[in-house]
Every structure is written in structure tokens, then in C-alpha cells.
Amino acid sequence: MHWADVTAQALAHKSDTHVVSTGITPSGEFHIGHLREILTGDMIARAAENAGLKVDFVFIIDSADPLRKVYDFLGPEYEQFVGNQLGAIPAPKEDGNPDWDRFKNENWTYANHFLEPFLKALKEIGVEPRLIDNLDSYRSGRFAELSKIACDRADEIRETIERVSGRELPDGWFPWSPLNSRGGLDKVRVTGYEYPLVHWEDEYGESGSSDLTKGEGKLPWRIDWPAKWGWVGVTCEAFGKDHGAAGGSYSTGREIVKILGHEPPQPLVYEWISLRGKGAMSSSAGNTIGPIEALRLVPPQILRLLIAKSKPNKAIEFDTGMGLVTLADEFERLAARNFEQELSNEDLSRRQKVQIEDAAGAMKMATVVSGQNIEATAVTFRHLALLAQTKSSDEAVWSSLQSSGVIESVTPQLQDRLNRMRYWIQSTHFPVEMRVNILTQPNKAAIQGFSKEEAAILRSISHELSTCEWNKREINAAIPRSIESVPVAHKWLAYKVAYLCLMGMEKGPRLAPILVEIGQQKIIKLLEASVELLEA
RNA sequence: GGGCCUGUAGCUCAGUCAGGUAGAGCGUCGGACUUUUAAUCCGAUGGUCGCGGGUUCGAACCCCGUCAGGCCCGCCA
């Protein structure tokens with residue numbers, strides 16, 4: 001059974017209506033790691049619906065969280081906003097400094113700025129959760145009731161956090177962080193509490209009262225999370241392994257939520273996604289790839305497959321090079337399979353059956369629209385990468401595929417894939433192994449090791465190509481013709497020699513169309529130089 | 001120090017919850033194919049299940065210990 005179905009089954013045992021929640025702080029550029037948060041939730045929600053449950057899938061935007069520091073991508077003017085809430089400060093402009101105009105005129109905030117492109121990417125991936133803005137929720141009093149309980153029972157909450165996390169909270173700690181005189185959540189001390197007011201004093205010498213029904217402050221994270229479970233009614237949430245550790249925020253949250261009068265949600269801990277060869281993703285280290293960037297390279301189904309096929313507790317290495325080719329080709333293979341037919345085979349061992357079911361489950365989760373059928377395009381990534389590199393026009397790519405009988409007509413899906421492929425090829429992510437590369441210097445090592453026959457073939461190829469008309473058909477005929485005068489068993493050898501001398505490898509893509517693009521002169525020059533090496 | 005996760009074929013991982021002859025894909029190698037889609041098809045190759053004990057008729061799986069990697073216990077989502 002697919003992991004999402006396992007969780008859905010656990011939910012089904014509890015109730016037939018559920019709220020599956022996800023949450024992210026919009027503190028900077030979203031990256032593909034955040035996609036796991038959302039997609040894990042989405043897949044659980046989808047599986048639960050498939051199991052006949054009624055599901056509300058929500059995405060809580062943690063816009064009430066403060067700006068932690070002036071990140072590298074921010075200008076120095078952001079110093080004044082450190083500690084202020086992300087949904088209450090202006091978005092950065094190109095130069096990294098605050099865009100006051102948009103903030104004043106449209107209330108365009110820091111949180112909006114980073115959230116918007118992510119939501120756009122989500123839509124393309126087929127994820128459309130109900131959005132809950134956390135700052136708005138505070139301001140409109142959604143947290144009021146539970147904040148009151150937290151403040152009334154501050155001692156119990158304090159005891160819980162200290163006992164479960166094993167860390168000591170400072171004197172004067174209070175389960176409500178009021179906004180100070182400058183709108184920040186730090187540099188402020190709670191001096192008293194009479195519902196609904198929390199009295200405070202800040203380091204600027206000001207004092208005041210924070211009304212917790214109006215969002216003039218927020219609950220600290222370890223209480224904020226369980227309070228959200230409470231008022232939203234969350235019954236299931238997937239979260240990163242950082243929250244999941246003993247003493248982490250889930251283990252305190254599950255006790256605190258009971259103090260607040262609710263039950264903890266069904267947890268599911270997931271591992272991080274890292275970029276291959278670059279370690280864990282971190283915005284400040286600059287080693288991120290955003291969901292938007294990733295979508296330019298691969299179709300959404302393949303991105304979904306990446307998450308769907310890995311169990312949540314497995315770390316994923318996202319590889320924008322050869323790994324992407326492997327992943328895309330795996331997708332095509334899976335799309336071409338008929339799982340129902342495979343499962344109808346009675347002789348399957350339990351193990352084989354599980355494997356087929358998991359593959360089928362992963363593909364079900366990979367579709368952008370739930371329940372939609374994925375059709376194999378019959379064109380592998382490798383093949384398309386090759387065509388896209390050798391044909392400058394899309395028309396030429398399609399006619400090649402049509403004449404070889406791979407496709408009948410050009411579907412929007414194929415056009416879409418070709419567009420992404422062209423983007424990938426001109427990006428820095430495209431792997432060198434895939435790049436069509438004609439040698440500029442003769443392949444000395446290979447040529448010196450040539451047998452008598454191979455040497456003869458090389459001479460012959462050089463002759464044939466310099467005299468043939470420079471088009472695909474003639475070149476195609478010229479290469480096998482080059483062995484006619486040489487007594488060898490297989491014409492395969494002609495190709496081997498050609499590939500070694502022109503591309504430096506034993507096998508390769510169809511030569512003719514590439515050679516046409518490169519031009520006769522250059523090729524002849526290379527071959528003549530190679531022949532000279534033979535004489536030496 | 002305390003805790004969680006991970007360790008199975010060259011690579012990526014299933015299989016561990018319900019113990020019953022070690023699995024898949026990729027890769028590699030061989031064969032087929034008289035224009036090569038780095039294609040396709042067929043076949044083969046491949047593992048002391050991190051290590052050591054214990055329980056059991058039987059352990060990748062349960063228990064104890066141990067090694068290695070990652071993470072958390074710092075308001076940090």
C-alpha cells in the first residue's frame with residue numbers, strides 16, 4: 001500500500017471527516033523542500049478522499065512570524081523590521097530594500113511577495129489548498145479563545161514545555177508575545193495579564209497593553225502550533241523531521257493542545273530534500289532551487305512523482321542533472337504500464353505484489369488532477385534532449401518523431417515538454433553527459449589503438465564524407481558504405497569508428513542529423529586530421 | 001548527556017508494523033536487430049541485509065549491545 005494510503009487508513013479508523021494541514025513561514029524564497037511539505041499533505045488528502053473520507057486540505061501561511069534577521073537578499077533598511085511580523089512589513093524591491101509604495105497603496109507585504117510565486121507553482125502542480133493567513137487569523141480573533149486558555153494556564157504550559165523539551169524557560173516567560181512599541185515581537189517583557197490584555201514594557205522605554213483578541217501579538221511557536229490545530233480543527237499534519245524529534249515542537253504540542261481542549265493530529269514526519277552535491281537546502285547558502293525553477297525543467301507530474309515514490313522518512317536528493325533524466329524515464333516507463341493487468345496475475349509473490357501496488361499508488365499521486373489518467377508520451381527524455389539539441393525548430397523535432405513512427409501527432413503535452421527541455425538545455429543544470437559534443441581535436445588515444453580494419457574504415461569514412469552531398473540521407477548512406485571495401489563482419493564497426501573519431505565515444509545518437517547541423521567543412525577537417533594520425 | 005530517523009546488489013530503494021527459500025528499477029555484461037532513438041527486444045551478472053550477541057524449529061524483520069551518517073532537545077519553521 002502506498003504511504004499516503006496507509007495514513008489515510010489510520011485516519012479512517014478515527015473519523016470520516018478530516019482536516020489535513022500544512023504550514024510554511026514565508027520568510028524568503030520558497031524552495032523545492034517546501035514542496036515536500038505541501039505535496040505530502042496533498043497526497044494524504046487525496047488518499048483520504050479516495051478512501052471515501054471528507055477532507056478539508058488547508059495551507060496555513062505563517063505570516064504572523066517575525067523577520068529573524070536581515071537576510072543576504074535584503075537591503076540594510078530591513079534592520080528596522082527585525083522582529084516584526086512578515087505579514088506586516090513591506091516586500092523587498094529588486095534592490096532588496098522595502099517597496100513602500102506597494103505596501104501603502106496595495107498593502108503588498110513581505111509575506112505576499114514570497115508567497116505569490118509559490119502559489120502559482122502549486123496551482124500548476126495541481127495543489128489548491130484552502131489558504132489560512134495566520135496574521136489575519138490573529139487579528140480577527142480566531143486565536144482569542146485558545147490564547148485565553150494558554151494565558152490563564154501559563155504555569156501548566158510552562159511546566160509542559162520544560163518537562164518535555166528538557167529546557168528551562170527564562171524568568172518572566174509568558175505564553176503570549178506582545179507587539180512592542182515598534183511593532184516587534186522581541187525586546188519586550190510581559191508585566192501583567194488581565195484578559196484580554198497583556199501588559200508589557202519594551203527596551204525602548206515604552207509600555208502598553210496587548211489585546212490578545214485583536215492580534216496585538218502572537219502565541220510563541222510552541223503554543224501557536226497546537227492553538228492552530230485547535231481552532232482550525234486539524235486532524236492530520238505532515239511536518240519536517242526537525243519538529244518530529246523527541247522534545248521537539250510536536251512532542252510539546254501534543255500535550256499543550258490537550259490543555260487547550262483539543263486532540264493532537266495524526267502526525268507524519270518527513271525528511272528533507274537536498275540538492276545533489278550541495279547539501280541541505282538553505283536560502284542563505286544560495287543552494288536552492290525553487291519550485292518555479294524546477295517546473296521550468298520538468299513537468300509537474302514528474303515533480304509529484306519524485307515526492308510520491310519516496311516514503312516520507314527517506315531523504316530525497318534532488319538532482320537537476322542526470323538524475324532528472326533517470327526520473328523522467330522512470331516516469332515514462334511507469335506511465336506505460338498496466339498495473340491492473342499485472343496484478344491480475346495469480347502467481348505473484350507477496351513481495352512482487354507490494355511492489356506493483358506501490359508503483360501504481362505513486363503514479364496515482366503523480367497526476368496533476370486527481371483520478372486523471374497519465375498517458376505515456378512514448379518519447380523519452382533522452383531522445384527529446386537529443387532532438388532538441390540537433391533541431392533548431394520545433395517543427396523539425398516533430399517531423400523526425402513522426403517519420404520514425406514514434407508519435408502520430410503533436411499533443412500539447414509534447415509541446416509543453418519540448419519547451420521545458422529547451423529551457424533545461426540552455427540552463428546550467430543540463431548534464432554534460434547529455435550534451436551533444438563533436439570533438440575539436442582528433443581522438444588520439446582511440447586512433448592509435450585502431451586495428452588494421454578500423455584504420456581502413458576511418459580512411460574510407462573520411463573519403464566518403466568529403467565527397468558526399470551534405471544532407472541527412474547521403475550522410476546516412478555514406479557511413480555504412482565505408483566498410484564495403486573492408487572485409488569485416490559487421491557494419492556496426494563503421495559506426496563505432498565514426499563515433500570514436502567524431503564524438504570520442506563508442507556509441508551515440510543518430511549521427512547524420514547532427515553532422516548536418518555541424519557542417520561538412522568542420523567534420524572533414526576533423527577526419528583528415530584523424531587520418532593523419534594514422535600515418536604517423 | 002537524552003531522544004528520533006537512516007544503514008539491504010555498483011546506484012536508487014522495496015521488503016521490517018503481522019518472523020517462513022533475499023526483491024524491483026537503473027547500471028554492467030552477452031545476444032538479436034544489414035541506416036543507431038545513447039532506442040527496442042531477449043538473456044545473464046550481481047547482496048556475509050552495517051557489525052556482535054540473544055529469542056526461535058526458523059531472524060533483513062523481534063530483543064540487547066555496538067559502529068557509521070543525519071536530525072532534534074537553542075522561539076527554530
Side-chain angles (χ1 to χ4, degrees), chain A residues 3 6 23-28 33-34 37 60 62 65-66 68 83 161-162 164-170 173 175 177 185-186 218-225 239-252 269-272 274 279-280 309-317 319 322-323 325-327 329-330 333-334 349-359 362 378-387 390 400-401 404-406 433-434 436 472-481 483 489-492 494-496 498-499 503 505-513:
Chain A
W3 56 262
V6 173
I24 299 173
T25 304
S27 57
H34 292 121
E37 162 83 20
I60 300 176
D62 285 322
D65 291 351
R68 294 281 160 216
I161 293 176
E162 292 192 328
V164 177
S165 75
R167 78 174 217 266
E168 221 172 289
L169 293 171
W173 180 89
S177 304
L185 288 162
D186 48 12
K218 78 181 281 279
L219 296 164
W221 162 248
R222 281 186 186 254
I223 307 156
D224 175 82
W225 199 22
F239 45 86
K241 61 174 175 179
D242 47 350
H243 298 292
S249 45
Y250 183 75
S251 57
T252 51
V269 179
Y270 62 82
E271 256 281 359
W272 299 131
S274 59
K309 74 172 190 137
S310 314
K311 300 218 294 190
N313 65 3
K314 287 286 178 188
I316 294 178
E317 259 197 11
D319 178 358
M322 279 313 282
V325 180
T326 313
L327 179 66
D329 285 347
E330 181 177 1
R333 269 196 313 278
L334 288 170
S349 70
R350 183 181 144 200
R351 185 169 294 176
Q352 288 171 315
K353 213 171 151 182
V354 166
Q355 261 170 357
I356 295 168
E357 281 170 355
D358 280 352
V379 186
T380 62
F381 244 51
R382 294 188 124 89
H383 189 186
L384 194 60
L386 174 70
L387 292 175
T390 50
S400 159
L401 286 168
S404 58
V406 177
E433 299 97 302
M434 293 287 289
V436 171
K472 208 170 90 181
R473 179 194 305 223
E474 291 304 313
I475 295 171
N476 236 339
I479 296 173
R481 197 162 57 229
I483 57 162
H490 234 286
K491 83 168 141 198
W492 180 191
Y495 284 99
K496 183 181 159 191
Y499 280 116
M503 301 183 76
M505 42 197 188
E506 293 203 357
K507 299 203 247 188
R510 223 186 252 268
L511 268 177

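Every chain is numbered from 1, with letters handed out A, B, ... down the list of sequences. Quantities reported herein were computed from a predicted structural model and do not represent experimental measurements.
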Inset, instruction - Take the protein atom CG of A:L169 and the nucleotide atom P of B:C75, then report the distance between them rounded to whole Å. - result: 8 Å
Legend entry - Nearest-Å distance once atom P is located in both B:G20 and B:C63: 15 Å
Inset, instruction - Identify the nucleotide, in any strand shown, that forms a Watson-Crick or G-U wobble pair with B:G65, with both distances under 3.5 Å; if there is none, say none. - result: B:C51
Inset, instruction - Mind listing the closest non-hydrogen atom pair of A:G240 and A:E37 along with its distance? - result: N-OE1, 4.5 Å
Inset, instruction - Would you indicate whether the side-chain heavy atoms of A:Y270 and A:N313 approach each other to under 4.5 Å? - result: no
Inset, instruction - Measure from the side chain of A:K311, starting at C-beta and using heavy atoms only, and say which of B:G15, B:C72, B:C26 lies closest. - result: B:G15
Inset, instruction - Determine the interatomic distance between P on B:G15 and the same-named atom on B:A32; round to the nearest Å. - result: 40 Å
Legend entry - P atoms of B:A59 and B:G3, separation to the nearest Å: 29 Å
Inset, instruction - Rounded to the nearest angstrom, tell me the gap between atom CG in A:L327 and atom P in B:C13. - result: 12 Å
Inset, instruction - Mind calculating the distance between OH (A:Y495) and P (B:C33) to the nearest angstrom? - result: 16 Å
Inset, instruction - Assign A:A315 to base, sugar-phosphate, or nothing according to its heavy-atom contacts below 4.0 angstrom with the strands shown. - result: sugar-phosphate
Inset, instruction - If B:C57 has a Watson-Crick or G-U wobble mate with both distances under 3.5 Å, name it; if not, just say none. - result: B:G20
Legend entry - Distance, P atom - from B:G70 to B:G27, rounded to whole angstrom: 31 Å
Legend entry - NZ-NZ distance between A:K309 and A:K314, expressed to the nearest 0.5 angstrom: 12.0 Å
Inset, instruction - Could you work out the separation of B:G23 and B:A60 based on their P atoms and round it to a whole Å? - result: 13 Å
Inset, instruction - Return the nucleotide paired to B:G46: Watson-Crick means purine N1 to pyrimidine N3 with N6-O4 or O6-N4, wobble means G-U with N1-O2 and O6-N3, both under 3.5 Å. - result: none
Inset, instruction - Determine the contact category for A:N313: base if any of its heavy atoms lies under 4.0 Å from a base atom, sugar-phosphate if only primed atoms, P, OP1 or OP2 are that close, otherwise nothing. - result: sugar-phosphate
Inset, instruction - Name the nucleic acid region contacted by A:Y499, choosing base, sugar-phosphate or nothing; use a 4.0 angstrom heavy-atom cut-off, strictly under. - result: base
Inset, instruction - State, with a plain yes or no, whether a side-chain heavy atom of A:L386 is found less than 4.5 Å away from one of A:V436. - result: yes
Inset, instruction - Give one of base, sugar-phosphate or nothing for A:L185, where a contact means two heavy atoms less than 4.0 Å apart. - result: nothing
Inset, instruction - Measure from CZ on A:R333 to P on B:C41 and round the result to the nearest Å. - result: 10 Å
Inset, instruction - Starting from P on B:A24, measure out to CG on A:D358 and report it in whole angstrom. - result: 15 Å
Inset, instruction - Pick the C1' atom in B:G69 and in B:G50, then give their distance to the nearest Å. - result: 11 Å
Legend entry - Parallel, tilted or perpendicular, as decided by the 30° and 60° cut-offs, for the rings of A:Y250 and A:W225: perpendicular
Inset, instruction - Take A:L511 and A:S310, find for each the nucleotide of RNA chain B with the closest heavy atom, and name the residue whose nucleotide sits nearer the 5' end. - result: A:S310
Inset, instruction - Look at all strands and tell whether A:D329 reaches a base, only sugar-phosphate, or nothing, counting heavy atoms closer than 4.0 Å. - result: nothing
Legend entry - Base-pairing assignment for B:G1 (Watson-Crick or G-U wobble, both under 3.5 Å): B:C73
Legend entry - Short side-chain N/O contact from A:K314 to OP1 or OP2 of B:U12, under 4.0 Å: no
Inset, instruction - For A:D186, answer base if it contacts any base atom (sugar-phosphate contacts may also be present), sugar-phosphate if it contacts only those atoms, and nothing otherwise; contact means non-hydrogen atoms under 4.0 Å. - result: nothing
Inset, instruction - Quick one: label A:W173 by what it contacts on the DNA or RNA (base, sugar-phosphate, nothing), any heavy atom closer than 4.0 Å. - result: base
Inset, instruction - Let me know the distance between CD1 of A:I475 and P of B:U36, rounded to the nearest Å. - result: 16 Å
Inset, instruction - Provide the distance between the two P atoms, one in B:G10 and one in B:C4, to the nearest whole Å. - result: 31 Å
Inset, instruction - Over all heavy atoms of both residues, which pair between A:D62 and A:G23 is shortest? Give the atoms and the distance, please. - result: OD2-C, 4.3 Å
Legend entry - Whole-Å C1' distance, B:C64 and B:C26: 38 Å
Legend entry - Integer-rounded Å distance: B:G1 P and A:E168 CD: 22 Å
Inset, instruction - Could you check which nucleotide pairs with B:U40 in any of the strands shown, counting Watson-Crick or G-U wobble with both distances under 3.5 Å? - result: B:A32
Inset, instruction - Mind calculating the distance between CH2 (A:W3) and C1' (B:C17) to the nearest angstrom? - result: 18 Å
Inset, instruction - Check every strand shown and say whether A:I24 touches a base, only sugar-phosphate, or nothing at a heavy-atom separation below 4.0 Å. - result: sugar-phosphate
Legend entry - Validation row: A:D65, A:K218 side chains within 4.5 angstrom (heavy atoms): yes
